[in-house]
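A short worksheet on the structure shown next.
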Protein chains: 2
Amino acid sequence: MARKTGSHSEITGPRIRDAALKLFARHGFAAVSMRQIAAEVGVQAGALYLYTPDKETLLFDLLKAHMDDLLAAWDADDPGGAPVARLEGFVRFHIRFNLERPDAVFLSYMELRNLGAANFAAIEALRKTYETRLETILRDGQGAGVFALPDTKIATLAIIAMLTGVNTWYREGGRLSRAAVGDLYWDMVRKSVAA
Amino acid sequence: MARKTGSHSEITGPRIRDAALKLFARHGFAAVSMRQIAAEVGVQAGALYLYTPDKETLLFDLLKAHMDDLLAAWDADDPGGAPVARLEGFVRFHIRFNLERPDAVFLSYMELRNLGAANFAAIEALRKTYETRLETILRDGQGAGVFALPDTKIATLAIIAMLTGVNTWYREGGRLSRAAVGDLYWDMVRKSVAA
DNA sequence: GTCTATAGGACGATAGAC
DNA sequence: GTCTATCGTCCTATAGAC
C-alpha cells in the first residue's frame, strides 16, 4: 500500500467488511478495535466512520448480509419434490454453504449478544425463518408417513446443530472431502428421521 | 454489602469465579472488565489480584474446572454394560450435565480463542478425552454389530454437536421437561447409529 | 485481605485540514 | 475520501496504606 490518500469508496467499503469479519471471528467483537480494522485495510481509524456510523452497526451489517445470503442461497438450491429428496438437499446445502464461510457462521452464533435489542430481533427473525424451511420439510415427510418424528421442532433444531457442528472440526485438505462429509451426515440424518 | 473491609479469603475466591463465569458468558471475555467483576462481588478491582495473577488465568481456571467436572461426572455416571445402554446413558448424561451449567458450556465453546497456546492445548486435550469416551462406545457397538457407522470419529462429533445444541434453545419452564428432551434426543441418536 | 490511588496506555468517536 | 490530532473515558495491573 504505497498510496497514502485518494478516493476509493467502492473498494474500501467491502475491504472494511472483509477485514472486520475476519478479525471479529478470530478474536471476538469486543477484542477488536476500530484501529485494528483500519490497519488491516490500510486506512486510518477515522476513515472507517465514512462507511459505518459505529462499531455495532458494522457487526450487524455483517450478520444481516450473512443471513440474507443463507436464505437466498437455500431458496435457489431447494430441489423441491418429495420430502426425502428435499431433506437430502438441505443437509448437503447447509454443510457446503457453511464450510464456504466459516467466519460468518461463527460470528452469527457467537456475537449476537453484542447487538442491541432491535438488531438482535432482526437477526433472530431471519434465523427462525431458515429453521422453518427445514421444519416444513420434516412436517411434510411426517404427514406423508416417510418420517417418524415425535417432535418436528426439536428435530429441526437437532439436525441444524449437528450439521453446523461440521464447522468446528473440518479442515481443508484433511482426511475427508466436503462431499464425503455430506455423505456421512446425510447417512446419519436419514436414519435419525426414518419411519 | 454494608461491610467495607475484612478478611474473607474462603468466600471471596468462589464468588469471584461465579461472577466472572456469569459475566464472561453473558457479555464475552473481552467485553468484561476486572472492575465489573469486582463490582459484582463487592470488592475493588485490585483485590481480584489476590486470587488470580491475571484475567486470562481467571478464564482458564473456569474452563479447566468445567472440563474436569465433566469428565469426573461422566466417569461416575457411565452405566457400563452393552453399547446401546451405555450410549443411552451418555446421551441423557450429556444433556442433563450441560443444562445444569449453561454458562460454563457456552464459555467452553466460545472463549477458547482468548487463551494462550499452552492453556488452549490443555483444554483441548480434556475435550478430546471426553470425545474419546463416546467414540469408544460407538466403536464397541460397531464391532458388536449393533451400530452401523461408516466413520465413528465423525459420528462422535456429530452426536456431541447435536446434544450440545440443546443449550441454545432450552428454557426452564418451557414446553418440554429435561427428561422429555432426553427422550427425544435419545430417539434420534438411537436411530441414527442403528445397524 | 482489602482499600485508595495511579501509572501507562488503548479505546470509540469526532473535528477540521487537505 | 482520507488524514492528523484530539477529547473524554476506560482499561489492566501494581504500589503502598491500613
Side-chain angles (χ1 to χ4, degrees), chain A residues 1-63 107 111 113-116 118-119, chain B residues 1-24 26-63 107 111 113-116 119:
Chain A
M1 309 301 286
R3 165 185 57 77
K4 277 290 176 43
T5 68
S7 179
H8 304 274
S9 67
E10 293 116 32
I11 58 170
T12 302
R15 276 164 54 77
I16 288 171
R17 282 187 287 278
D18 288 350
L21 176 60
K22 175 180 133 185
L23 291 170
F24 288 163
R26 190 116 68 210
H27 307 292
F29 174 76
V32 174
S33 69
M34 296 298 268
R35 283 169 174 82
Q36 278 176 272
I37 297 168
E40 180 86 10
V41 173
V43 298
Q44 291 299 313
L48 300 183
Y49 292 90
L50 295 168
Y51 299 92
T52 184
D54 53 41
K55 195 182 170 191
E56 185 198 316
T57 302
L58 179 53
L59 173 63
F60 173 74
D61 289 344
L62 293 172
L63 300 184
L107 263 201
E111 303 292 1
R113 62 190 172 191
N114 288 297
L115 297 177
N119 284 343
Chain B
M1 309 306 283
R3 166 185 55 77
K4 279 289 176 43
T5 68
S7 178
H8 304 275
S9 67
E10 293 116 29
I11 58 171
T12 302
R15 277 163 54 78
I16 289 171
R17 282 188 286 279
D18 289 350
L21 176 60
K22 175 181 132 186
L23 291 170
F24 288 163
R26 191 114 69 211
H27 307 292
F29 174 76
V32 174
S33 70
M34 296 298 267
R35 282 171 174 80
Q36 280 177 271
I37 298 168
E40 180 87 9
V41 173
V43 297
Q44 292 299 315
L48 299 182
Y49 292 89
L50 295 169
Y51 300 92
T52 184
D54 53 41
K55 195 181 170 191
E56 185 197 316
T57 302
L58 179 54
L59 173 64
F60 173 73
D61 289 343
L62 293 172
L63 300 184
L107 263 201
E111 302 292 1
R113 62 190 171 191
N114 288 297
L115 297 178
N119 284 343

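What's counted below: heavy atoms across the whole structure, side chains too, no hydrogens, waters or symmetry copies. Lettering of chains follows the sequences in order, A, B, ..., and the numbering in each one begins at 1.
- For the pair A/Leu62 and A/Arg17, the minimum side-chain heavy-atom distance is below 4.5 Å.
- For the OP1/OP2 pair of C/dG1 and a distance below 4.0 Å, the side-chain nitrogens and oxygens of B/Tyr51 include no atom meeting the criterion.
- In this structure, B/Tyr51 and B/Arg15 have side chains that are not in contact, with every pair of non-hydrogen atoms separated by 4.5 Å or more.
- Between the OG1 atom in A/Thr52 and the CD1 atom in A/Ile16 there is a gap of 8.5 Å [rounded to 0.5 Å].
- Contact annotation: A/Thr12 does not reach the phosphate of D/dG1 (side-chain N/O to OP1 or OP2, under 4.0 Å).
- Rounded to an integer number of Å, the gap from CD1 of B/Ile37 to P of D/dC10 is 17 Å.
- Within the 4.0 Å cut-off from OP1 or OP2 of C/dT2, not a single side-chain nitrogen or oxygen of B/Gln44 is found.
- In this structure, B/Ile11 atom CD1 and C/dG1 atom C1' are separated by 11 Å, rounded to whole Å.
- Side-chain contact between B/Leu63 and B/Leu115 is present, with at least one heavy-atom pair separated by less than 4.5 Å.
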Which atoms of nucleotides 12-16 of chain C (N or O only) lie under 3.5 Å from a protein N or O atom, and what are those distances?
| unit_1 | atom_1 | unit_2 | atom_2 | d |
| --- | --- | --- | --- | --- |
| C/dG12 | OP1 | A/Met34 | N | 3.4 |
| C/dG12 | OP1 | A/Lys55 | NZ | 3.2 |
| C/dG12 | OP2 | A/Met34 | N | 2.8 |
| C/dG12 | N7 | A/Arg35 | NH1 | 2.9 |
| C/dG12 | O6 | A/Arg35 | NH2 | 3.2 |
| C/dA13 | OP2 | A/Tyr49 | OH | 2.8 |
| C/dA13 | OP2 | A/Lys55 | N | 3.2 |

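- If you take CD of A/Glu10 and P of D/dT2, they are 10 Å apart, rounded to a whole angstrom.
- Closest heavy-atom contact between B/Phe24 and B/Lys55: CE2-CE, 4.2 Å.
- In this structure, B/Arg15 atom CZ and C/dT2 atom P are separated by 10 Å, rounded to whole Å.
- Under the 4.5 Å side-chain criterion, counting only non-hydrogen atoms from C-beta, B/Tyr49 is in contact with B/Met34.
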